Protein chains: 2
Amino acid sequence: MNRPIRTRRQATLASLAAELGVSRTTVSNAYNRPDQLSPELRRRVLETARRLGYPGPDPVARSLRTRKAGAVGLLLTENLSYAFRDPAAVGVLEGLALACEDAGVGLHLVPASPGREDRETTAAVHRAGVDGFVVYSVPDDDPHLAAVLQRPVPTVIVDQPQIDGVDRVGPDDASATATLAGHLVELGHRQVGVLCMRLARDRNDGFVPISRQQEAHYHVQRTRLATLADTFEAAGVDWQSVPVVERFEHTVDDGASAARQLLDAYPRVTALICTSDILALGAMAEAGRRGLRVPADLTITGFDGIAEATRAGLTTVHQPVLEKGKAAGRLLLGAGDRVTPKVITLPTELRVGTTSAPPRTAEERWFGP
Amino acid sequence: MNRPIRTRRQATLASLAAELGVSRTTVSNAYNRPDQLSPELRRRVLETARRLGYPGPDPVARSLRTRKAGAVGLLLTENLSYAFRDPAAVGVLEGLALACEDAGVGLHLVPASPGREDRETTAAVHRAGVDGFVVYSVPDDDPHLAAVLQRPVPTVIVDQPQIDGVDRVGPDDASATATLAGHLVELGHRQVGVLCMRLARDRNDGFVPISRQQEAHYHVQRTRLATLADTFEAAGVDWQSVPVVERFEHTVDDGASAARQLLDAYPRVTALICTSDILALGAMAEAGRRGLRVPADLTITGFDGIAEATRAGLTTVHQPVLEKGKAAGRLLLGAGDRVTPKVITLPTELRVGTTSAPPRTAEERWFGP
DNA sequence: GTGAAAGCGCTAACAA
DNA sequence: TTGTTAGCGCTTTCAC
């Protein structure tokens, strides 16, 4: 396959019109409103365009004029690499991409390197030529988010944070978590431990004091922890005594190391509650390494319901991630001039797998079942 | 968190300048060249901007003026969903995203729904406000690709197709495949079967005649098949007699069904050569289902070297997918006004795992090892 | 350090 | 069916 030499965009709509001896409108119409001119003339226009190497109306100029960029921006503070590795995130991304595809608009991934927090960092947000933004799971004090909110375009937030006046799509974390916690309480677990994701932008790989739990900048994690606390307190458990281990990175390995850290210090916990499936998968690996049988010796639960979790038989809360992304895209694209913000709450479902069971009694622990 | 009422973009750079009683230049400088005006004045400008709810220079207008969109377009014909599911594709995507992040430019995913092939379909390509395109693994007759090539911006193709005058990043498929095939020949395999990916835009789930192999519109697949043919012919195998099964979709399940189809018809093959790890993984699953031990009863090889393959001990050709994406991004972003097209060939490495071994002799087959 | 002028390339009333 | 007229909002020489 060969290609023609590329002339450095000399041809413009205007020069084409001049060449043809018609007005710019006519050329424009040839591209945008075929019904506004005779087929014959249109053919001539397109033909001459090809001859002159005119690639069609410049997209940027058109955007400026029509006030439509034909793209939606996606902000995820995390390194993209992360997004591509977490199946739950991929699901959201995929759903969003699908919605964009349907609408024929592009998906513009905004480069938001965390770390550098100066004005330069948020510049990418201001530079993005988009008709709206989808923000996926960022902390409530994220500077990029602030920048997005300044832009005069509609915005939809997925999962977190919750901000008054801004559209949001996400599950009801409180009730989902309450259901999960209820399941564990019912099974009889009272000595539990928790593995959670990043709670703020500063790194804290280790145990989490109550204060940090309550001040978490990630609303989703905050809600899940608070709901767990409420539910277990109601069952007579002193939440102060419940170990919570945080991990900055969200990988299976980090889940494993978090489980190790927790179990080393609290070997008597009967259940490990993880705020994501990824962490739970890591916890299961660590349990295996220690010779702990799941669920006989240790109950482990996750959150999200990713395929790997289902395959592993994990007890978890499933949420429709693909739908979440789709809903966000559709909400944004169909935003129009809606005045009242919309909140879409997606259904979740407790999926009891083979990793949760009643705790063994002390006697069973020492003397076998 | 609350947010201010959003005024429908009334403020512009001009109105701000008017309000302040300064020229537009000054306001522009306040944003783009802080050193061109007194700190005091700059402060006043920014302050007034905030008061008026001016979100900073409009990105589209700026792009038109500066002739820089601040984004690179990514074209992958396949549904995005596919891209997100194939680890090799995700690697490329991730590498590209990394390169974009480094350069502070956005990554614009072009919606390219396959199927509809009319002018409307390629419109998205023409509508994308980008400074260049990365094209990932599309057939050589793809209309979107043709549209991309018409746009007066630099383009880098990853993997396929190979087009004269266009930058390309990819492995040396021929030599990589030759090495792999050599390994199998050396082990003694002469009765082999091949599982390959889509060869053209039309669906053909089944056996592939030589003609279709040679006319494949996916250059990578074509090269791999041709190289296999050459290598085995050189070893005395009549390629005409070698079954090749194609699958349109690229999933583990399709790999399994392809293996089934091939093994049902050719139960005596001693090795299954798959042009991707995904297909190979499926083939392994099918082998297991049939009670065939790998590699004792059947040798299976893949291509790509994805993590799952390594975990499964698959004999495969590893290629640095992340680097591939990064290289593409950097090549594009650093394109400048280069005249001579550049081709970057990435290194590959044969990784012999636990799925390849010498074929059993006929006697062994019937009477045990 | 600041301002005036000249477009970037295009589309959309409105007229003819 | 085609052309005229106005900008969309911004940056950038080049004077002052």
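The figures here come from the full heavy-atom set of this structure, side chains too, leaving out hydrogens, waters and symmetry mates. Computed from a predicted structure; not experimentally measured.
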Separation of atom CD in B/Gln36 from atom P in C/dG3, rounded to whole Å = 13 Å
Can you tell me how far P of C/dG7 sits from CZ of B/Arg24, to the nearest Å?
-> 14 Å
Under 3.5 Å donor-acceptor pair, A/Thr25 side-chain atoms to C/dT11 base atoms = no
Atom-pair distance (CZ on B/Arg33; C1' on D/dT12), nearest Å = 7 Å
Atom-pair distance (OH on A/Tyr31; P on C/dA12), nearest Å | 16 Å
Could you tell me whether the side chain of A/Arg168 and the main chain of A/Ile344 form a donor-acceptor pair under 3.5 Å?
-> no
Using only side-chain N and O atoms of A/Tyr54, determine if any of them is under 4.0 Å from OP1 or OP2 of C/dG9.
-> no
Lys/Arg N to Asp/Glu carboxylate O, A/Lys326 vs A/Asp102, below 4.0 Å | no
Length of the CG-P vector between B/Leu37 and D/dT11, whole Å = 14 Å
Which nucleotide in D/dG9, C/dG3, D/dC8 has an atom nearest any side-chain atom of B/Thr12 = D/dG9
Tell whether A/Thr66 reaches the base of C/dA12 with its side chain through a donor-acceptor pair below 3.5 angstrom.
-> no
Which atoms form the tightest heavy-atom contact between B/Leu145 and B/Pro139, and what is the distance?
-> CD2-O, 4.1 Å
Round to a whole Å and report the spacing from CG of A/Asn29 to P of C/dC14.
-> 16 Å
Residue-phosphate contact under 4.0 Å: A/Thr26 side-chain N/O, D/dG3 OP1/OP2 = yes
Value in whole Å for how far the C1' atom of D/dG3 lies from CG of A/Leu20 | 14 Å
CD of B/Glu19 versus P of D/dG9: gap in Å, rounded?
-> 17 Å
Under 4.0 Å between any heavy atoms, over every strand shown, what does B/Val60 touch: base, sugar-phosphate, or nothing? Just pick one.
-> nothing
Counting just side-chain N and O atoms, does A/Arg67 come under 4.0 Å of either OP1 or OP2 of D/dG9?
-> yes
Phosphate OP1/OP2 of D/dT11: any B/Ser28 side-chain N/O under 4.0 Å | yes
Picking from D/dG3, C/dT11, D/dG9, the nucleotide nearest the side-chain atoms of A/Ser23 would be D/dG3
Rounded to the nearest 0.5 Å, what separation is found between the CG atom of A/Asn29 and the CG atom of A/Leu37?
-> 6.0 Å
Comparing B/Ala61 with B/Pro39, nearest DNA chain C nucleotide closer to 5' gives the residue B/Pro39
Report yes if a side-chain nitrogen or oxygen of A/Arg62 is closer than 4.0 Å to either non-bridging phosphate oxygen (OP1 or OP2) of D/dC8; otherwise report no.
-> no
Are B/Glu47 and B/Arg44 within salt-bridge range, i.e. N to O under 4.0 Å?
-> no
